Chemist: 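Next up is a structure, given as structure tokens.
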Amino acid sequence: MTRLVGGHVSSAGGIRQALERGDLIGASVIQIFSNSPRSWKATPVSLSGFSGFGEAMEATATGVKRVVSHVSYLVNVASPDDEIYQKSLRVLCETLAFCGEIGVSAAVLHVGSHRGAGLSARLGAIRNAIDLALSGSRSVALLLENSAGAGDSVGSSFADLAAIIEAVQEPERVGVCLDTQHLFAAGCDYRGSSGAAARCLAGELPSGCVRAIHLNDSKVQAGAHLDRHENLGAGQIGIDALAALICEAPLAQADVILETPGDGQGPRRQDVELALRMVGMS
Ligand SMILES: [Zn+2]
């Protein structure tokens with residue numbers, strides 16, 4: 001099976017435009033925001049006008065084979081504040097239902113912050129949110145993203161994510177999206193060592209659980225607990241360590257999605273080409 005490699009693209013204008021932007025940078029997988037990443041507003045009409053990704057894909061003859069969505073950054077299903085939790089629940093449910101309608105195969109979620117309450121105190125609420133969102137959507141997978149560990153964010157360890165996956169009703173529909181920058185910033189310094197993926201995952205996740213990788217270099221040092229993406233090779237991690245990590249067994253099948261800044265407009269064609277070389281596909 002060939003591996004899908006691509007990046008995050010703007011969905012301004014609709015899914016067709018997003019596919020075209022993906023095609024321009026040579027992506028076989030794209031990630032989009034299906035609603036504004038920093039607002040509570042529902043899905044924009046420009047995106048909901050499409051009956052399906054399959055139809056749009058045919059219409060544009062694009063090289064994009066898969067679309068994943070990133071859930072709004074505001075969503076915090078770990079929040080002990082009931083108003084934030086209820087809003088988060090609504091946006092998560094809407095996003096997954098919408099993804100199912102347009103043929104997006106998976107949605108990536110930052111679980112959020114428990115604000116000092118502790119994961120075990122919030123695990124039931126997180127599980128309920130995920131169960132409800134999955135039951136209201138057809139066939140969409142939810143991928144939990146590891147965090148850089150700022151504040152009281154859930155997911156800076158894979159044990160956190162494993163505990164959530166174990167708790168939900170449909171664990172087969174929940175996987176992990178591993179962000180290489182968050183992993184490094186959370187304190188796993190995987191430079192210069194082989195077997196880093198296995199060591200960083202520490203056997204916490206079932207095999208095949210990591211279905212997508214956010215491939216990013218880091219502006220900040222290992223253990224800085226900050227979410228700061230950098231272009232590949234321009235940051236603290238470097239090409240060699242990133243390439244070694246994403247080609248190791250637990251990660252070697254996962255889709256590779258760049259979230260790098262490029263020149264300010266996101267991943268460029270040269271970045272996707274570099275990523276393809278890193279996984280030995282060009
Ligand atoms: Zn990410």
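Computed from a prediction, not measured in an experiment: that's the story for all the values here. Order of appearance sets the numbers: ligands from 1, and atoms from 1 within every ligand.
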Chemist: So, taking the atom named CD in E259 and the one named CD in E230, what distance separates them when rounded to the nearest 0.5 Å?
Modeler: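 Answer rounded to 0.5 Å: 14.0 Å.
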Chemist: Got a second to check how far C99's SG is from E94's CD, nearest 0.5 Å?
Modeler: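 Output value for this atom pair is 11.5 Å.
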Chemist: Which other residues end up in the same hydrophobic cluster as I257, if Ile, Leu, Val, Met, Phe, Trp and Tyr are linked when side-chain heavy atoms come under 4.5 Å apart?
Modeler: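 Result for I257 is L4, V29, V68.
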Chemist: Among T180, D179, T260, find the residue that satisfies the side chain to side chain donor-acceptor pair (under 3.5 Å) test when tested with N216.
Modeler: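 Looking at T180, D179, T260, the match for N216 under the side chain to side chain donor-acceptor pair (under 3.5 Å) is D179.
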Chemist: Using 2.8 Å as the cut-off, note every protein N, O or S atom close to the Zn ion (ligand 1).
Modeler: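 Atoms qualifying: E145 OE2, D179 OD2, H214 ND1, E259 OE1.
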Chemist: May I have all residue pairs that pass disulfide bond (SG atoms under 2.5 Å apart) and include part of residues 156-205, sequence neighbours excluded?
Modeler: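 Those involving residues 156-205 are C188-C200.
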Chemist: Residues two or more places apart in sequence or in another chain: which of them pass side-chain contact (heavy atoms from CB on, under 4.5 Å) with P206?
Modeler: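 C209.
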